[in-house]
There are 2 protein chains.
Amino acid sequence: MATAPSCRARPSSTPFDSLEQEAYLQLWRTYDRLREIDERVFHAHGITAQQYNALRILRSVRPGSLSTSALGARLVSRAADMTRLLDKLEERGFVARKRCAENRRVVFVSITAGGVAVVDRLASDVQRCGKDQLGHLERKTLQALIGILQQAREPHEDPAMAQAWPGNRQSKRGGER
Amino acid sequence: MATAPSCRARPSSTPFDSLEQEAYLQLWRTYDRLREIDERVFHAHGITAQQYNALRILRSVRPGSLSTSALGARLVSRAADMTRLLDKLEERGFVARKRCAENRRVVFVSITAGGVAVVDRLASDVQRCGKDQLGHLERKTLQALIGILQQAREPHEDPAMAQAWPGNRQSKRGGER
DNA sequence: CCATAATAGTCGTTGAAACGACTATTGTTA
DNA sequence: TAACAATAGTCGTTTCAACGACTATTATGG
């Protein structure tokens, strides 16, 4: 690891006020660059990254369903407005909504066969996209990144949803490679 | 009540298809969480993170100016539409635009005294915000994060602007502790 | 019971991002 | 120099995100 131990940065070349700010801006820019890549993929299929995420989560509980707010809590990015996100998915027949009988305030959402088809159709593109984005990093580097990111947001993560975004370090998933 | 009775991490507890995808989603979520924090700060001052960045860059070249596109290239996040971003800043008297005489296609932008005042007024809040976001990480961890992020986006970074986002690893900026 | 609060979701409005078409200016070349 | 291409920026439109107000339903406390 660590290409170039030298590089010899000039003193005034860092326009950052603090290390924390630099880390955050690097994070922002990196996210922005990688997002550009996967949005190309999703856009080609007429879908949004956020919408894909919702479908991915719904597929994982299929044939079960989730309440609107439970789904929102599991999304990668907080979504202020589930209603309209689901409106779009429902319009296109990817999800179905059903009012809960016991508690008529909640609405359960489930993925339809059409929604599953979309996710499946995207699967290989998404897989390839991941390689395009970060495939040049070694596994150990990726794992280190994941660990630091979890550590970084740990104090800002709502403990109530620690199970949705667990801080499990090792995550030995086996497969893949 | 009755949060998951099991916990028991069933094999399918990692909803990620690959390590690359996991890293990207962790990056996305972490960015989202940290962004929430600094947007609170900027929103309190009636400004956008992106706008603040533009002002920060313009202040760094003060009293000089940058062409619209040069400024856009230096921003943290690619901005599709500089025109309207600058419109808003100009409306509020934070920047000034002036057509270039030699090449009348380009427009030079510079920060005004009012713009400098805004950035200065925000400085301490921004500083504190950085601590809130990532102050709980050790310096070495932050440096490791920065290094991995640079490595992560290196193949996706336009070489033409490598100077705006240099890949210098160590960036010993001294003070700040 | 009734009043009140708390919860789950919906909707209106505003502002920003995305995408592309368009104008103005300059460079190139036949 | 006229025609064409390239460049820099602007603008129109559509879509998405943010914020808050609002409706409907259920829980709670006198």
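Throughout, protein chains are lettered first and strands after them, A, B, ... in sequence-line order, and every chain is numbered starting at 1. Any value given below was found using the heavy atoms of this structure, including those in side chains, with hydrogens, waters and symmetry copies removed.
Here the side chain of B/Ser69 is nearest to one of C/dT10, D/dA8, D/dC16, namely D/dA8.
With sequence neighbours excluded, the residues that form a side-chain contact (heavy atoms from CB on, under 4.5 Å) with B/Ala152 are A/Thr30, A/Leu134, A/Leu137. Residues forming a side-chain contact (heavy atoms from CB on, under 4.5 Å) with A/Lys98 (at least two apart in sequence, or on another chain): none.
Between A/Ala101 and A/Gln50, the residue anchored closer to the 5' end of DNA chain D is A/Gln50, taking for each the nucleotide with the nearest heavy atom. The nearest heavy atom of DNA chain D to B/Thr68 and to A/Glu102 marks one nucleotide each, and the one closer to the 5' end goes with B/Thr68.
Note: CD (A/Glu91) to P (D/dT15) measures 10 Å, nearest angstrom. Distance NZ (B/Lys98) to C1' (D/dG9): 17 Å, rounded to an integer number of Å. B/Leu71 places its CG atom 14 Å from the P atom of D/dA8, with the value rounded to the nearest Å. Atom-to-atom, CG of B/Asp32 to P of D/dC16 comes out at 18 Å; the value is rounded to the nearest Å. Put simply, CD1 on A/Ile47 is 16 Å from P on D/dT15, counting in whole angstrom units. The nearest whole Å value for the distance from the CE atom in A/Met82 to the C1' atom in C/dC11 is 16 Å. Between the C1' atom of C/dG9 and the CG atom of A/Leu86 lies a distance of 10 Å, rounded to the nearest Å. What separates CG of A/Leu66 from P of C/dG9 is a distance of 10 Å, to the nearest Å.
OP1 or OP2 of D/dC16 lies within a sub-4.0 Å distance of a side-chain N or O belonging to A/Lys88.
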Show each protein N/O and nucleotides 2-5 of chain C N/O combination with a separation under 3.5 Å, one pair to a line.
none

Distance-only criterion, 3.5 Å: show the donor-acceptor pairs between side-chain atoms of residues 82-90 of chain A and protein atoms not counting sequence neighbours.
from, atom 1, to, atom 2, distance (Å)
A/Arg84, NE, A/Asp81, OD2, 2.6
A/Arg84, NH2, A/Asp81, OD2, 3.1
A/Asp87, OD1, A/Arg97, NH2, 2.2
A/Glu90, OE1, A/Arg97, NE, 3.2
A/Glu90, OE1, A/Arg97, NH2, 3.2

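Hydrophobic cluster of A/Val106: the remaining members, joined at side-chain heavy-atom separations below 4.5 Å, are A/Phe108, listed by chain and number.
Under the ring pair (Phe, Tyr, Trp, His ring centres under 6.0 Å) criterion, the residue pairs touching residues 125-147 of chain A are A/His136-B/His156, with sequence neighbours excluded. Within the structure, ring pair (Phe, Tyr, Trp, His ring centres under 6.0 Å) contacts touching residues 43-93 of chain B (residues at least two apart or in different chains) are B/Phe42-B/Tyr52. Listed by first and then second residue, the ring pair (Phe, Tyr, Trp, His ring centres under 6.0 Å) pairs that reach into residues 54-93 of chain B come to none, sequence neighbours excluded.
Without hydrogens or angle criteria, A/Arg92 side chain to A/Gly115 main chain gives no donor-acceptor distance under 3.5 Å.
Among the heavy atoms of the strands lying under 4.0 Å from A/Arg35 are primed sugar atoms or P, OP1, OP2 only; no base atom is included.
In the hydrophobic cluster analysis, where Ile, Leu, Val, Met, Phe, Trp and Tyr join through side-chain heavy atoms closer than 4.5 angstrom, B/Val107 is grouped apart from B/Leu66.
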Sugar-phosphate atoms are those with a prime plus P, OP1 and OP2; base atoms are the rest. Using that split, label each nucleotide of nucleotides 19-24 of chain C B, S or - for protein heavy atoms under 4.0 Å, 5' to 3'. ------
